[in-house]
Amino acid sequence: MTRRGKLLGMALVGGLALALGWVLGERLFRHLGSPPDIAGIYLPDAQALPPFQLVHQSGRPFTNNDLLGHWTFLYFGYSYCPDVCPLALTDLNRLQRRLATAGADGDTAYLFVSVDPQRDTPERLREYVTYFNPKFQGATGSDEALNPLIKALHAFYQRVDNPDAPERYTMDHTSTISLIDPQGRLRAIFTPPQDPERMATDFLAIHAAAP
Amino acid sequence: MRAILFGMLLAFAAAAFAADGNPLRIEQPWAAETPPAAHTGAAYLSIVNGGEADRLLGAKAEGVGHVELHTTTMDGGVMRMRKVEVLEVPGGTTTVLEPGGIHIMLIDLKQPLHAGQSVPLTLEFEKAGALQVQVPIRKREAMQPSTAPPAHEHSHGDGQKMKME
């Protein structure tokens, strides 16, 4: 490549970078002065979720359509989890009550997605999640059914075998709480350790900033 | 009033161990109430070691199929729970088992754990031998630290009845 060619190439790359920066900046800040500062990750441009189909605790299918029209706090876990999942569900219960007190719980849903479909039947899930709060819902699905949602919500899970007793395996799983907006898109991720009071404040800010 | 009674019970339990000259003392034991569908539960406590280093080798509990020690670690937002074969209990220290950290996992519960009842737990130490402790069952709401206002703490009980969606 000639020296002139190189210069032209660099100018082109520089120009492209500028254009990209301008476009991104425009998209990031067009809604508001500054995006809400939350204890987690806020996505100024909500991410659409790929089509998915899980099984709801009632036994019926649970799809993208079930996320429309309200905000959803989504947590991945499993009912055999003795420590962290009950901790998270207790926090979500506190969050729900906090939002209810603030009069901001009218358009919210709380979804526990089990990554352990082998042991978590819809019926077991229903008993499990409604113990923490009657408003909570559970859903699960096969690995194939879970994968699109897991990937889109930047989550992860993995079975950990117990060499002493195969039936007593555990699951590693992401302990974030995802916030899905009323258009069924990922809007924010609350990272652990979650504080219900802070999540409530953050949600109110996100709610207020939503176009 | 219940809190006072609970405290007295704790103090009594603690004193019972101290009186027999055992350098190990179990403080603030509690197990979390479980949902009706749960097959597993968790117990938490503090091990106060006034003597030389010891090791917790295992535990068993009445009405519970298996008892294991587990530790939870948070790794880039991913929760990983691992079995702990032996828990070191250094001398002159207090080892705290608490939510989100090390816990005693109660596996294959014969029946759900109900707040107000208790689980008889036996801890097996290498040097101190077997220590028995009555572990009161409490609601997580009442035990888990939170910055949330404590109001409506009792309304939670309404949620225990199963409800069809």
Tyr44(B) and Pro82(A) have their tightest heavy-atom pair at OH-O, 4.2 Å
Side-chain heavy-atom pair Val84(A), His103(B) within 4.5 angstrom cut-off: no
**OP:** Look at the side chain of Arg94(A) and the backbone N and O of Glu141(B), then say whether any donor-acceptor pair between them is shorter than 3.5 Å.
**Re:** yes
Name the option with the most non-hydrogen atom pairs under 4.5 Å to chain B; the candidates are [options].
options                                    : result
Leu95(A), Leu125(A), Val160(A), Thr176(A)  : Val160(A)
His154(A), His173(A), Arg119(A), Glu167(A) : His173(A)
Pro193(A), Ala200(A), Ser175(A)            : Ser175(A)

inquiry  = Can you tell me if Lys127(B) has over 12 outside heavy atoms packed within less than 6.0 Å of its NZ?
reply    = yes
When Thr72(B), Thr71(B), Thr40(B) are each screened for side chain to side chain contact (heavy atoms under 4.5 Å, CB included) with Asp83(A), the one that passes is Thr72(B)
Exactly one candidate in Asn93(A), Asp91(A), Leu89(A), Thr90(A) meets side chain to side chain contact (heavy atoms under 4.5 Å, CB included) with Arg140(B); the answer is Thr90(A)
To the nearest 0.5 Å, atom SG of Cys81(A) lies from atom CE of Met79(B) at 4.5 Å
When rounded to the nearest 0.5 Å, the distance separating NZ of Lys83(B) from OG1 of Thr170(A) is 10.5 Å
Turns out that what part of Met105(B) lies under 4.5 Å from chain A's heavy atoms comes down to side chain
So, the part of Met81(B) with a heavy atom under 4.5 Å from chain A: the answer is both
Contact part of [X] toward chain B, heavy-atom cut-off under 4.5 Å: side chain, backbone, both or neither?
X         : answer
Tyr80(A)  : both
Phe190(A) : neither
Thr191(A) : neither
Asp164(A) : side chain
Gln158(A) : side chain

Pair count under 4.5 Å, heavy atoms only, with chain A: among Thr34(B), Val78(B), Ile107(B), Asp75(B), highest is Val78(B)
- Just checking, any donor-acceptor pair under 3.5 angstrom between side chains of Arg124(A) and His39(B)? yes
| Step-by-step side-chain contact (heavy atoms from CB on, under 4.5 Å) determination, Arg80(B) to Met171(A) | CA-CA 8 Å; Arg80(B) 300 180 193 275; Met171(A) 306 292 295; over 6 Å; no
